[in-house]
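These notes concern the structure reproduced below.
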Amino acid sequence: MAGVASRLRAAADTDPALMIVRSPKPTDLEMPLSGFNDAITPIERFFVRCHTYTPQVDLKAWNLKVEGLVTRPVTLAMAELKKLPRVELVTVVECAGNGRSFYQPRVPGTQWAYGSVGNGKWTGVRLKDVLAKAGVKDSAKHVLFDGADEPLGKMEDFRRSIPIEKAMDPDTMLAFAMNGQELPVQHGFPLRVVVPGWASDSWVKWLTRIEVLDHEYDGFWMKTAYRHPPKPVAPGTAVDPAQMVPVTDLGVKSVIATPLLGPVVGLPVKISGAAWSNASPVVGVDVSVDGGKTWNAAALGKDLGRYSWRLFETSWTPRVEGEYVIMSRARNAAGAVQPMEQEWNPSGYLWNVVHRVPVQFAYPPGYREACLSCHDGHMMVQQRLTRAQWEREVDKMVRWGAPVKAEQREGILQYLERFK
Ligand SMILES: Nc1nc2c(c(=O)[nH]1)N[C@H]1C(S)=C(S)[C@@H](COP(=O)(O)O)O[C@H]1N2
Ligand SMILES: [Mo]
């Protein structure tokens, strides 16, 4: 039931009209490629991933229980929780299955392309401060999270545990706000777990209960789901979950937002996107326009913190008509580089191979016929003339009989003047 408290919340939520709808209910919404141009992902286009129907939590009736291997179990209302020191962190949240649709052979599960990822600004309290209120016993090994969502059909309740070391990390938090607003319902109102640098299956939403355990939780969502082989396996290999390990850290990755695949229009071509990693921040993004033969460093956007994604941008002026493959390759401070080949795994997790965008560049209309029938294109643009000088050259050639139609003159000039 939607209580008064929830009706009073800011209305902000993901706008399905801006998204790729993978499933209307349970709600799975993917951010389109243009989202990789935003430094912080607005809530309207933040991806949503739910295994169950979205619960409507009444804040007045809500509280958080902390129990298990603790010296004094506690139940906290939101007001008590908010008395703890407040922390704010910009961090990427990425579904482990992001990119699953690209795996060959194909794997079952939601067929995400690029956008089950977003960069949010989270406000909340440190998980370790909440745990300290209950007093964690020495035997603690894992911390289990349980949310208010109810499983569908034969599904097990969505519960996840993280190792005590990650739980005690000062960056691991419980967030009640996102991008400066109260946490939206779809993202876990009123409280969610934020596990920076880790895939978002551990970022439990609609949190109601924390249990300290002396073992990794042994429910379905830990022992069967979200596991991958510790060593590479041949594509298509069936692997027993018991032989696999839980998905934790994200890989180093970048995605190109512009240009989109297809013909490039307007010179220079803006190549831009976003790059992220895990606890080790992105330190560089290299871009190739020749299918990976040569690479050049792109300019990086503002550093919003080590778990945030980093925008990158460079520009490119193709000289010769033809097909090009644009690629971006991120690297992090620990020396990890985005791979050129994707390692396969049975559930299609952590897709992070170098993004390849095939584009075509065509000369402006009339250029080939008017100019290239007599001149070498490379030699021409290497003259590096100004706009006024090109105008004189083109008009002279037209007087000498070059077949430039009146409506083609401007396009040809705009192309040539790029090579100043
Ligand atoms: N309680 C609960 N928490 C959950 C889920 C869920 O189904 N139930 N889905 C998880 C998965 S798989 C992902 S990818 C993220 C998605 O977070 P978002 O919807 O806020 O983008 O939430 C995680 N937390
Ligand atoms: Mo996910």
Original post:
Can the ring centres of H142 and Y217 be said to be less than 6.0 Å apart?
Top reply: no
**OP:** Identify the residue among V320, V289, L267 that makes a side-chain contact (heavy atoms from CB on, under 4.5 Å) with F361.
**Re:** L267
Side chains of residues 230-245: which donor-acceptor pairs under 3.5 Å do they make with residues two or more places apart or in other chains?
{"unit_1": "T237", "atom_1": "OG1", "unit_2": "A234", "atom_2": "N", "d": "3.4"}
{"unit_1": "T237", "atom_1": "OG1", "unit_2": "A234", "atom_2": "O", "d": "2.4"}
{"unit_1": "D240", "atom_1": "OD1", "unit_2": "A242", "atom_2": "N", "d": "3.0"}

Subject >> Side chain to side chain, W112 and R49, heavy atoms closer than 4.5 Å >> reply: yes
**OP:** Using the six-membered ring wherever Trp is involved, compare the ring planes of Y363 and Y367 and label them parallel, tilted or perpendicular (cut-offs 30° and 60°).
**Re:** tilted
**OP:** Only one of D28, T110, N98 passes side-chain hydrogen bond (donor to acceptor under 3.5 Å, both in side chains) with S116; say which it is.
**Re:** N98
Original post:
Are Y324 and W316 an aromatic pair by the rule of ring centers under 6.0 Å?
Top reply: yes
Subject >> Side-chain ion pair, E216 and K223, N-O less than 4.0 Å >> reply: yes
Original post:
Can R387 and E410 be counted as an ion pair, charged N to O under 4.0 angstrom?
Top reply: yes
**OP:** Hey, could you give me each pair passing salt bridge (charged side-chain N to carboxylate O under 4.0 Å, His left out) that has a residue in residues 270-289? Not counting sequence neighbours.
**Re:** D286-R331
Original post:
Which atom pair, heavy atoms only, marks the closest approach of L213 to L69?
Top reply: C-CD1, 3.5 Å
Subject >> Backbone N/O of T294 and side chain of S288: donor-acceptor pair under 3.5 Å >> reply: yes
Original post:
Shortest non-hydrogen contact from V90 to I40?
Top reply: CG1-CD1, 3.8 Å
Subject >> N278 side chain vs L250 backbone, donor-acceptor pair below 3.5 Å >> reply: yes
Original post:
Looking only at heavy atoms, what is the nearest atom pair of Y415 and P318, with distance?
Top reply: CE1-O, 4.0 Å
Original post:
Which pairs pass side chain to side chain donor-acceptor pair (under 3.5 Å) with one or both residues in residues 347-360, sequence neighbours excluded?
Top reply: Y114-H355
Original post:
If we ignore angles and hydrogens, is there a donor and acceptor under 3.5 Å between the side chains of Q338 and S254?
Top reply: yes
Tabulate below the donor-acceptor pairs under 3.5 Å that side-chain atoms of residues 15-26 make, not counting sequence neighbours, or state none.
{"unit_1": "D15", "atom_1": "OD1", "unit_2": "A17", "atom_2": "N", "d": "3.0"}
{"unit_1": "R22", "atom_1": "NE", "unit_2": "E30", "atom_2": "OE1", "d": "2.7"}
{"unit_1": "R22", "atom_1": "NH2", "unit_2": "E30", "atom_2": "OE1", "d": "2.9"}
{"unit_1": "S23", "atom_1": "OG", "unit_2": "P26", "atom_2": "O", "d": "2.6"}

**OP:** Compute the ring centroids of F36 and W309, then answer whether they are less than 6.0 Å apart.
**Re:** yes
Original post:
Can a salt bridge be assigned to the pair D214 and K137 using a cut-off of 4.0 Å between side-chain N and carboxylate O?
Top reply: no
**OP:** Identify the heavy atoms of Q186 and C50 that sit nearest to each other, and give their distance.
**Re:** O-SG, 4.4 Å
**OP:** Output yes when a side-chain donor or acceptor of Q111 lies under 3.5 Å from a complementary backbone atom of V107, and no otherwise.
**Re:** yes
**OP:** Just jot down the side chain to side chain contact (heavy atoms under 4.5 Å, CB included) partners of D146, sequence neighbours excluded, or say none.
**Re:** D157, R159, R209
Subject >> Cation-pi check, R192 onto W206 ring (under 6.0 Å, within 45° of axis) >> reply: no
Original post:
When rounded to the nearest 0.5 angstrom, what is the spacing between NZ in K128 and CG in L174?
Top reply: 12.5 Å
**OP:** If a pair satisfies salt bridge (charged side-chain N to carboxylate O under 4.0 Å, His left out) and one of its residues is in residues 300-313, list it, with sequence neighbours excluded.
**Re:** D171-R306
